[in-house]
Amino acid sequence: MLVPIFRFLSIFPLPFLHAVGAALGWVVYWTSPSYRRRMRDNMRQAGVSQHLSAAVAEAGKSIIELPFIWCADPARVSRHATLENWELVQTELDAGRGIVFMTPHLGCFEIVAQEIALRTELMVMYRPPKKAALKPLIEGARARNNLLLAPANMSGVRMLAKCLKKGKPVGVLPDQVPQEGEGVWATFFGRDAYTMTLPAKLALLGDATIIVTYAQRLPGGKGYVIRFVPFDGTLEGDSADQAQAINTAMERLIVREPSQYYWSYNRYKVPHGIDAPSAGEQV
């Protein structure tokens with residue numbers, strides 16, 4: 001049922017979908033105590049509580065815009081996107097150098113990979129949804145044009161590494177909580193968060209350039225600005241140092257547009273089998 005529903009919703013104009021999404025955001029916020037508490041706590045931890053009202057509306061937009069991003073004609077979607085600083089990417093592509101795109105859960109992150117894939121082949125790591133009904137919808141939406149999917153396991157890691165060694169780009173979500181043994185504890189907005197080590201490992205293994213990117217959602221459903229930002233950290237040191245450098249880069253990106261970050265995500269959870277960094281700190 002989800003596929004025809006999403007296809008139906010995709011015919012509506014983006015301003016309408018964003019207006020509906022903003023209202024939905026408030027409905028979810030007031031009807032889910034756990035959602036409301038986590039959003040408030042995470043924003044307070046990051047020192048951006050003043051953006052709470054805007055963040056509630058933006059969270060709703062991020063859901064209702066998915067039918068448009070996933071199911072509308074790619075050319076129609078692309079007309080709503082403007083790329084900023086693409087020359088940074090093109091320089092690396094022309095040099096035949098691999099790129100690790102790091103895209104946090106900021107703004108409309110789903111459109112970023114699609115827009116990149118319209119210009120060059122891109123491989124992204126993909127973890128199937130827990131609900132089987134979502135699998136055909138998400139996989140069909142993401143595996144379009146030059147967008148290739150790698151499974152979220154060691155086989156997928158090898159696929160990404162091979163892609164980088166060929167001088168081709170890959171994409172990862174660096175602020176996703178990794179599974180047991182795939183991360184280290186590093187500070188994120190002043191609190192320990194289990195952080196994936198994969199982006200740094202891939203960049204070093206493939207001698208690749210890291211580029212940070214996100215899609216800012218414009219007001220009034222006017223579209224998106226996809227921004228490409230140089231990674232200003234260093235991958236020197238051990239895995240913990242590298243993870244900290246990446247978290248710091250993510251923080252700098254998020255504070256550019258704090259109302260559009262995915263604050264309801266349980267970023268500080270302790271994965272199964274992992275010892276907490278210290279007692280009494282978890283949400």
Side-chain angles (χ1 to χ4, degrees), residues 42 45-46 88-89 92 95 97-106 109 112-113 116 122-127 150-214 227-256 261-262 265-278 281-282:
N42 286 346
Q45 178 66 40
L88 174 68
V89 179
E92 300 301 317
R97 188 179 178 89
I99 302 171
V100 177
F101 287 108
M102 294 199 304
T103 309
H105 291 83
L106 178 65
F109 53 90
V112 174
I116 294 173
L122 175 69
M123 182 177 291
V124 298
M125 182 160 278
Y126 168 72
R127 181 171 291 145
N153 52 35
M154 284 308 300
S155 173
V157 172
R158 287 192 290 269
M159 290 171 63
L160 292 173
K162 186 177 180 180
C163 190
L164 286 170
K165 289 180 178 179
K166 291 181 178 179
K168 297 181 179 180
V170 304
V172 294
L173 292 166
D175 55 344
Q176 235 174 2
V177 177
Q179 297 178 348
E180 178 183 354
E182 298 175 353
V184 294
W185 290 104
T187 302
F188 184 67
F189 285 115
R191 182 176 176 184
D192 286 329
Y194 199 61
T195 303
M196 64 170 60
T197 57
L198 179 62
K201 289 179 179 178
L202 286 173
L204 292 172
L205 184 63
D207 190 27
T209 299
I210 293 179
I211 296 178
V212 185
T213 179
Y214 72 105
R227 307 186 191 280
F228 298 94
V229 183
F231 175 63
D232 57 1
T234 175
L235 297 183
E236 296 177 355
D238 59 16
S239 295
D241 295 326
Q242 295 162 3
Q244 187 59 66
I246 289 174
N247 276 359
T248 299
M250 294 305 100
E251 291 173 359
R252 291 173 180 167
L253 204 68
I254 292 164
V255 296
R256 290 184 173 200
Y261 188 62
Y262 189 25
Y265 181 54
N266 193 1
R267 183 66 184 88
Y268 301 105
K269 69 180 179 181
V270 181
H272 177 72
I274 298 296
D275 293 330
S278 58
E281 288 189 359
Q282 305 308 314

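Predicted, not measured: the structure shown is a model, and the values here were computed from it. In what follows, residues are counted from 1 in the order of the sequence shown.
Remark: Glu182 CD to Tyr194 OH distance equals 7.5 Å, nearest 0.5 Å. Distance check, rounded to the nearest 0.5 Å: CD1 of Ile254 to CE of Met250 gives 7.5 Å. From Ile99, atom CD1 reaches atom CZ of Phe231 across 15.0 Å, with rounding to the nearest 0.5 Å. The OG1 atom of Thr234 sits 9.5 Å away from atom CD1 of Ile210, with the distance rounded to the nearest 0.5 Å. The structure places CG of Asp241 at 4.0 Å from CG of Asp238, a figure rounded to the nearest 0.5 Å. Taking CE from Met196 and CE from Met102, the interatomic distance works out to 10.5 Å, rounded to the nearest 0.5 Å.
A 4.5 Å side-chain heavy-atom check between Val212 and Arg252 finds every atom pair outside the cut-off. Taking the side chain as every heavy atom from C-beta outward, Tyr261 and Asn42 never approach each other to under 4.5 Å. In this structure the side chain of Leu106 reaches within 4.5 angstrom of the side chain of Leu253, judged on heavy atoms. Looking at Asp192 and Thr187, their side chains come closer than 4.5 Å, going by heavy atoms from C-beta outward. In this structure, the side chains of Pro230 and Ile211 stay at 4.5 Å or more apart for every pair of heavy atoms.
Here His105 and Tyr265 bring their ring centres to under 6.0 angstrom of each other.
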(request) Mind running side chain to side chain contact (heavy atoms under 4.5 Å, CB included) on Met125 and Val170 for me, showing each step along the way? (result) CA-CA 8 Å; Met125 182 160 278; Val170 304; over 6 Å; no

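Trp185 and Asp275 get closest at one heavy-atom pair: NE1-O, 3.1 Å. Shortest non-hydrogen contact noted between Val184 and Ala243 is CG2-CB, 3.5 Å. Nearest heavy-atom pair, Pro271 versus Pro178, reported as atom, atom and distance to 0.1 Å: CG-O, 3.6 Å. Closest approach of Pro104 to Pro174, counting heavy atoms only: N-CD, 4.0 Å. A pairwise comparison of heavy atoms in Ala203 and Leu235 identifies CB-CD1, 3.9 Å as the closest pair.
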Could you list the donor-acceptor pairs under 3.5 angstrom formed between side-chain atoms of residues 150-166 and any protein atom two or more places apart in sequence or on another chain?
residue: Asn153; atom: OD1; partner: Ser155; partner atom: N; Å: 3.0
residue: Asn153; atom: OD1; partner: Gly156; partner atom: N; Å: 2.9

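Tested against Phe188 for a side-chain contact (heavy atoms from CB on, under 4.5 Å), the candidates Gln244, Glu251, Gln45 yield a single pass: Glu251. Among Leu122, Leu173, Val124, the one residue that satisfies the side-chain contact (heavy atoms from CB on, under 4.5 Å) test with Phe101 is Leu122.
Put simply, the side chain of Arg267 never gets that close to the backbone of Gln176: no donor and acceptor are under 3.5 Å apart. Here the side chain of Gln242 pairs a donor or acceptor atom with the backbone of Gly237 at under 3.5 angstrom. For Thr213 (side chain) and Arg227 (main-chain N/O), a donor-acceptor pair under 3.5 Å exists by modelled atom type. A donor-acceptor distance shorter than 3.5 angstrom exists from the side chain of Thr195 to the backbone of Ala193, with no hydrogens or angles considered.
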